[in-house]
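Okay, structure first, notes after.
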Amino acid sequence: MTTKPKQEDAKARLAEVDALFNSIGDGALATDEFGKIIRMNPAALAILGYKSKEVLNHWFPSTVVAVDEANEPVPLIDRPITRAFLSGHPITEKTYYRRRNGSRIPVSVTVSPLISNNRPVGAVEVFRDITVEYEIDRMKSEFISLASHQLRTPLSAVKTYAHMLLDGYMGELTLPQRKSLTTIVAASNRMNELISTLLNITRIENGSISLAPKPTNLHKLTDEVIKELIHSANAKNIGLEIKSRGNSLILKTDALLVKEIITNLMTNAIKYSPENSKVLVRLQRRPTSVTISVADSGFGIPLHAQPHIFTKFYRAQNVVRRETSGTGLGLYLVKGLTEQLGGKIWFSSEEDKGTTFYLTLPKHTITKAALPATLQSGIKMV
Ligand code: ADP
């Protein structure tokens with residue numbers, strides 16, 4: 001007497017699942033534990049251009065072929081379904097699928113393994129055609145890249161002539177003229193930095209940033225950054241100091257990107273600190289990485305702002321109130337660059353006490369180099 005309602009319940013639930021599976025707008029499919037396709041919804045069939053009978057009971061990896069940027073098949077071991085089976089966790093990834101007619105389509109895929117009694121018994125995959133997103137992204141990147149390059153040319157003319165005027169090539173300057181020109185040079189430098197930031201963000205977002213790892217002396221690199229920032233630090237009487245424990249650090253990394261990261265963090269530390277304070281950069285060797293920290297005793301980041309600090313265009317109210325200039329792009333870029341280098345970034349901060357940003361970068365190849373003694377311990381720069 002009790003079995004019948006239970007069976008009906010089960011049937012009703014199955015019908016619900018069927019209806020859900022068939023009516024969602026994204027592609028959805030299910031495989032058994034061997035990777036054989038046991039279900040594929042109409043949206044998936046339409047995206048891939050197959051008929052149901054051409055895919056059902058076929059082996060998923062060879063039926064729905066994933067390809068890379070170069071249109072080469074993605075090896076089975078790298079496919080999200082394999083990784084989901086192996087890890088037992090859902091995997092989300094962007095890839096390309098090859099359609100029945102041979103064309104390639106960008107998709108965002110999420111594969112969830114179905115686990116029963118601690119072993120995978122199948123997988124469910126949901127995927128979405130992201131052709132339009134890709135196209136919009138590509139157009140956006142192309143526009144920013146084009147606009148940035150076009151802005152650079154006239155800007156370099158402004159900078160060159162302003163420098164020539166300042167250097168007295170066109171005659172003696174009065175004090176107000178000199179002041180105005182100094183402002184023009186500073187503003188064009190800021191604009192140049194902004195253009196570089198935009199270009200770098202575009203490269204990160206469209207995955208076109210190219211890394212050129214080479215042995216890099218981290219201490220020397222930080223030293224260079226300090227030299228470049230010394231004027232802005234001096235203007236507020238802020239002392240810049242490096243401390244590195246033990247031997248100097250040689251990393252196999254992309255020096256330009258690391259320099260960009262340290263420059264951004266130190267620029268912020270100076271900008272968001274009061275006059276007569278200190279910014280301390282520490283370099284520390286770890287077993288498989290190095291940690292760089294940039295500490296200031298400045299305005300700090302309010303607690304409520306802390307979760308948003310790496311978000312594009314975000315600026316905390318305490319610094320906005322102080323009328324400091326900024327775009328909210330620096331830390332977004334720093335985080336993106338750090339991740340490109342295989343590193344991690346985090347911070348600790350207390351409002352009106354100060355902020356420390358920490359960054360770990362993988363060593364890859366790190367060797368003890370015989371460097372001048374001055375580079376082996378802390379150097380007081382100011
Ligand atoms: P920007 O400095 O151009 O505003 P960033 O992305 O570099 O943009 O930083 C985002 C925000 O994080 C800043 O506006 C500021 O609120 C906060 N911030 C970053 N670094 C510091 C720091 N060293 N001290 C205090 N606040 C900071």
Is the backbone N or O of Gly300 less than 3.5 Å from a side-chain atom of Asn318, with the two atoms forming a donor-acceptor pair by type? yes

Are any of the side-chain nitrogens in Lys344 or Glu339 under 4.0 Å away from the carboxylate oxygens of its partner? no

Check this for me, if you would: do Glu125 and Arg39 make a salt bridge, where the nitrogen-to-carboxylate-oxygen distance has to be below 4.0 angstrom? no

In terms of heavy-atom contacts, Leu166 and Leu173 come closest through CA-CD1, 3.9 Å

Side-chain touch Asn41/Leu29, heavy atoms, less than 4.5 angstrom: no

Donor on one side chain, acceptor on other, Arg282 and Ser293, under 3.5 Å: no

Polar contact flag, side-chain donor to acceptor under 3.5 angstrom, Asn276-Asn237: yes

Looking at every heavy atom in both Ile209 and Ile204, which two are closest together, and how far apart are they? CD1-CG1, 3.8 Å

Side-chain donor-acceptor pair under 3.5 Å between Gln177 and Thr174, yes or no? yes

Arg322, CZ: over 12 other non-hydrogen atoms inside 6.0 angstrom: yes

State whether Glu16 and Lys11 are salt-bridged, where the test is any N-O pair (Lys NZ or Arg NE/NH1/NH2 against Asp/Glu carboxylate O) under 4.0 Å. no

Give a yes or no on whether the backbone of Pro213 and the side-chain of Asp254 come within a donor-acceptor separation of less than 3.5 Å. no

Of the non-hydrogen atoms in Pro274 and Phe299, which two are nearest, and what is the gap between them? N-CE2, 3.8 Å

May I ask you to test the Tyr161-Met164 pair for a side-chain heavy-atom distance under 4.5 Å? yes

Are Ile91 and Val65 linked, directly or through intermediate hydrophobic residues, by side-chain heavy-atom contacts shorter than 4.5 Å (ILVMFWY only)? no

In short, Gly342 meets Pro362 closest at the heavy-atom pair O-CD, 3.4 Å

Do Tyr358 and Gln284 pair up side chain to side chain, a donor and an acceptor below 3.5 Å, judged on atom types alone? no

Side chains of Leu48 and Met40 in contact at under 4.5 Å (non-hydrogen atoms): yes

Please list all pairs meeting ring-ring contact (aromatic ring centres under 6.0 Å, His included) that have one or both residues in residues 56-114, counting only residues at least two apart or in different chains. Tyr96-Tyr134, Tyr97-Phe127

Should Leu257 and Leu199 be counted in the same cluster of Ile, Leu, Val, Met, Phe, Trp and Tyr side chains packed under 4.5 Å apart? no

Do other residues, nucleotides or ligands put more than 12 heavy atoms under 6.0 Å from Lys335 NZ? no

Please say which of Leu249, Ile250, Leu251 ends up in a side-chain contact (heavy atoms from CB on, under 4.5 Å) with Asn217. Ile250

Please examine the side chains of Thr182 and Lys179, heavy atoms only from C-beta on, and report whether any two atoms are closer than 4.5 Å. no

Mind listing the closest non-hydrogen atom pair of Ser297 and Ser277 along with its distance? OG-CB, 3.9 Å

Under a 4.5 Å side-chain heavy-atom rule over Ile, Leu, Val, Met, Phe, Trp and Tyr, are Leu198 and Phe313 clustered together? yes

Answer yes or no: is there a side-chain heavy-atom contact under 4.5 Å between Lys252 and Lys214? no

With a 3.5 Å cut-off and no angle check, do the side chains of Arg203 and Asn200 form a donor-acceptor pair? yes

May I ask you to check whether Phe357 and Phe347 place their ring centres under 6.0 Å from each other? yes

Minimum heavy-atom distance Thr222-Ile262, with the two atoms named: OG1-CD1, 3.8 Å

Assess whether a salt bridge exists between Lys220 and Glu224, defined as any Lys/Arg side-chain N lying under 4.0 Å from an Asp/Glu carboxylate O. no

Is the backbone N or O of Leu329 less than 3.5 Å from a side-chain atom of Thr327, with the two atoms forming a donor-acceptor pair by type? yes

Short side-chain donor-acceptor distance under 3.5 Å, Thr92 and Thr110: yes

Glu142 and Arg138: salt bridge (charged side-chain N to carboxylate O under 4.0 Å, His left out), yes or no, with the steps? CA-CA 6 Å; Glu142 207 175 87; Arg138 196 192 56 74; 2.7 Å; yes

Can you tell me if Ser196 and Arg152 form a side-chain donor-acceptor pair at under 3.5 Å? yes

Hey, which of Val258, Ile345, Val294 is the one that makes side-chain contact (heavy atoms from CB on, under 4.5 Å) with Leu359? Ile345

Do Ile144 and Leu337 sit in one hydrophobic cluster, given that two such residues count as connected whenever their side-chain heavy atoms are within less than 4.5 Å of each other, even indirectly? yes

Same cluster (ILVMFWY, side-chain, under 4.5 Å), Met170 and Val185: yes

Taking the side chain as C-beta and beyond, is there a heavy-atom pair between Asn192 and Lys159 under 4.5 Å? yes

Do the side chains of Glu93 and Arg79 get close enough for a salt bridge, i.e. N-O under 4.0 angstrom? no

